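Keep in mind the model is a prediction, meaning the values are calculated, not measured. Within every chain, numbering begins at 1; the chains are lettered A, B, ... in the order of the sequence lines, protein sequences first and strands thereafter.
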Amino acid sequence: MKSTVLKDLDRRGLIFQKTHDELDEVLKHSQTLYCGFDPTADSLHAGSLLLLVGLANFRRHGHKPIALIGGATGLIGDPTGKSDERILLTDDILTKNANALGIQIQTILDRAMGMHPDTVEGKVEKIPIVNNADWMKPWSFIDFLRDVGKHFRVNSMMQKDSVKSRLSEREQGISYTEFSYMLIQAYDFFHLFNEKSCSLQIGGSDQWGNITAGTDLIRKRTSKPAFGLTVPLLMTADGKKMGKTENGALWLDATKTKPYVFYQYWVGRDDSQVVDLLKKFTFISTNEIDELAKADNRGELQRRLAYEVTWLVHGKDVADKVVAASRMLFGEPIQNLSDDDLTALFADVPSTEIQKTDLAQGVGLLQLLSETGLQKSNGAARRLVEQGGAYINNHRIDDATRVVTLDDLASETMLVLRSGKKKYHLIRLI
RNA sequence: GGUGGGGUUCCCGAGCGGUCAAAGGGACCAGACUGUAAAUCUGGCACGUAAGUUUCGAAGGUUCGAAUCCUUCCCCCACCA
């Protein structure tokens with residue numbers, strides 16, 4: 001008989017591997033668990049989203065998640081999956097990043113509790129955000145070696161994939177600093193085990209080595225069991241890391257990746273993966289998803305997925321607006337609208353400001369396309385226009401010499417540029 | 001340390017004195033078809049409206065002319081020690 005969390009996670013395909021089967025038994029009672037996030041940037045990106053969803057699922061089943069920000073480990077750099085030694089970040093930046101991540105994680109996890117209440121079993125608790133710098137920094141090197149280092153065999157550390165791959169590349173190698181990373185992560189788990197009775201760590205499948213280092217340490221020093229569980233690392237249908245776009249990572253922060261763009265990323269997922277993604281990233285019950293999948297929904301699943309995920313990350317209001325904007329954008333020409341309409345519709349579409357006087361004189365369409373970043377050069381913009389992929393206010397423009405003027409405004413001060421089927425850009429007069 | 005093979009445009013990979021802005025594939029961008037899908041087909045893909053300008057690890061050199069030849073340097077890979 002499985003605990004409800006594991007049963008649910010399993011159905012959603014969120015379990016990659018787990019340390020012991022007894023975990024199931026243990027999870028029948030409310031447990032404290034944690035997941036670590038490295039403050040390498042001031043926002044998480046879609047790659048980490050699955051971990052947040054993982055934590056949220058536990059919480060929705062009545063368990064108590066802790067989010068750990070790796071203020072200390074961030075100073076070191078995790079060698080996992082990295083072929084090069086990392087560049088060390090400064091203390092200042094890490095602190096700033098850690099604060100930003102804390103807020104972001106808190107917000108998203110709280111929001112998750114409010115979604116699909118029918119599948120929530122647990123009570124809402126504020127989740128603690130901890131920073132391992134708080135307990136790691138006071139250690140002296142000698143003490144750490146005596147109390148923690150003593151419990152690790154270098155022999156077994158070298159067996160870990162993250163280390164092994166770096167050792168076999170004799171040019172790069174691995175620094176002593178990065179080699180020590182797993183000790184710190186292991187100690188984190190031990191610390192939380194003692195201080196917060198945290199018995200489970202979850203992480204991406206690439207974190208397996210680091211997680212088991214923690215469970216081993218706990219077993220050696222306390223003779224008590226601790227558990228680890230990893231979620232799968234997702235790939236897109238064409239074999240890329242999930243959440244990566246041509247323009248880099250898909251950030252969860254609205255200023256780094258516009259919600260509209262974020263939403264569109266999910267709408268664009270391949271048919272072969274939507275059902276899977278719905279199960280993994282949303283809190284809709286798996287039965288309901290199976291029902292949805294049976295109907296011949298022509299893209300409806302993608303829109304549902306995109307809406308749910310945008311809701312989780314940016315909130316319901318933003319998600320609703322983005323949906324409205326998308327409907328508008330994939331439909332009629334844009335005209336006879338007011339600034340307010342457009343602003344509401346396009347709040348989360350990328351935009352560029354332009355001087356009123358410039359537009360009064362007229363600005364070349366090609367120039368506008370390249371300046372807004374819709375195209376990377378004038379030449380590329382020209383080709384786009386010649387191929388019929390350029391639009392002003394949803395009207396196709398096939399004249400490369402076209403000059404954009406005040407007459408092109410769709411509302412008092414705005415006009416909408418479009419490249420291809422789906423890339424929109426708002427031009428605002430100032 | 002020794003010997004051999006390499007470094008080509010986002011990636012893989014041809015080219016081996018002019019016809020090379022550089023074959024082919026992938027990725028990517030448009031168009032058609034569709035469901036804001038997939039598959040397929042078509043066009044594009046250094047910069048430039050063009051003339052032309054800057055590219056083939058780096059710097060020099062030989063030549064009317066170099067990605068292609070020479071020199072030095074940097075870096076990779078294979079085998080040997």
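Residue contacts shown for A:Gly388 are limited to sugar-phosphate atoms, with no base heavy atom under 4.0 Å away. Nucleic acid contact for A:Gln264: base, since at least one base atom lies under 4.0 Å from a heavy atom of the residue.
Ranked by how close their nearest RNA chain B nucleotide is to the 5' end, A:Val267 and A:Ala380 are led by A:Val267. Sequence order on RNA chain B of the closest nucleotides to A:Glu300 and A:Gly379 puts A:Glu300 first from the 5' end.
Here, B:U63 and B:C74 have their P atoms 28 Å apart, quoted to the whole Å. Nucleotides B:A23 and B:C79 have their P atoms positioned 33 Å apart, rounded to a whole Å. Taking the C1' atom of each, B:A46 and B:C41 are spaced 27 Å apart, rounded to whole Å. Rounded to a whole angstrom, the distance from the C1' atom of B:C77 to that of B:G17 is 28 Å. Rounded to the nearest Å, the gap between the P atom of B:A22 and that of B:U36 is 38 Å.
Side-chain contact between A:Asn131 and A:Leu68: absent, with no pair of heavy atoms (C-beta onward) separated by less than 4.5 Å.
Computed from coordinates, the A:Leu374 CG to B:C28 P distance equals 18 Å when rounded to whole Å. One atom, NZ of A:Lys421, and another, C1' of B:A37, lie 11 Å apart when rounded to the nearest Å.
At the phosphate of B:G31, OP1 or OP2 sits under 4.0 Å from a side-chain N or O atom of A:Tyr391. Listed pair A:Arg382 / B:A30 fails the phosphate criterion, with no side-chain N or O lying under 4.0 Å from OP1 or OP2. Phosphate proximity of B:G48 to A:Lys376: absent, as no side-chain N or O sits under 4.0 Å from OP1 or OP2. Contact between the side-chain N/O atoms of A:Ser377 and the OP1/OP2 oxygens of B:A46 is not found at any separation under 4.0 Å. Residue A:Arg383 has a polar side-chain atom (N or O) positioned under 4.0 Å from OP1 or OP2 of B:C47.
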*For A:Trp266 and A:Phe281, run ring-ring contact (aromatic ring centres under 6.0 Å, His included): C-alpha distance rounded to whole Å, both residues' side-chain angles, the deciding distance at 0.1 Å, then the answer.*
CA-CA 11 Å; A:Trp266 297 97; A:Phe281 282 96; 5.0 Å; yes
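Among the nucleotides B:A38, B:U36, B:G48, the one closest to any side-chain atom of A:Asp270 is B:A38.
Relative to the six-membered ring of A:Phe58, A:Arg60 misses at least one condition, a distance below 6.0 Å or an angle of at most 45° to the axis.
Under 4.0 Å is where a charged nitrogen must lie from a carboxylate oxygen, and between A:Asp24 and A:Lys18 no such pair does.
In this structure, B:C64 and B:G18 make a Watson-Crick or G-U wobble pair, each of the two defining distances being under 3.5 angstrom.
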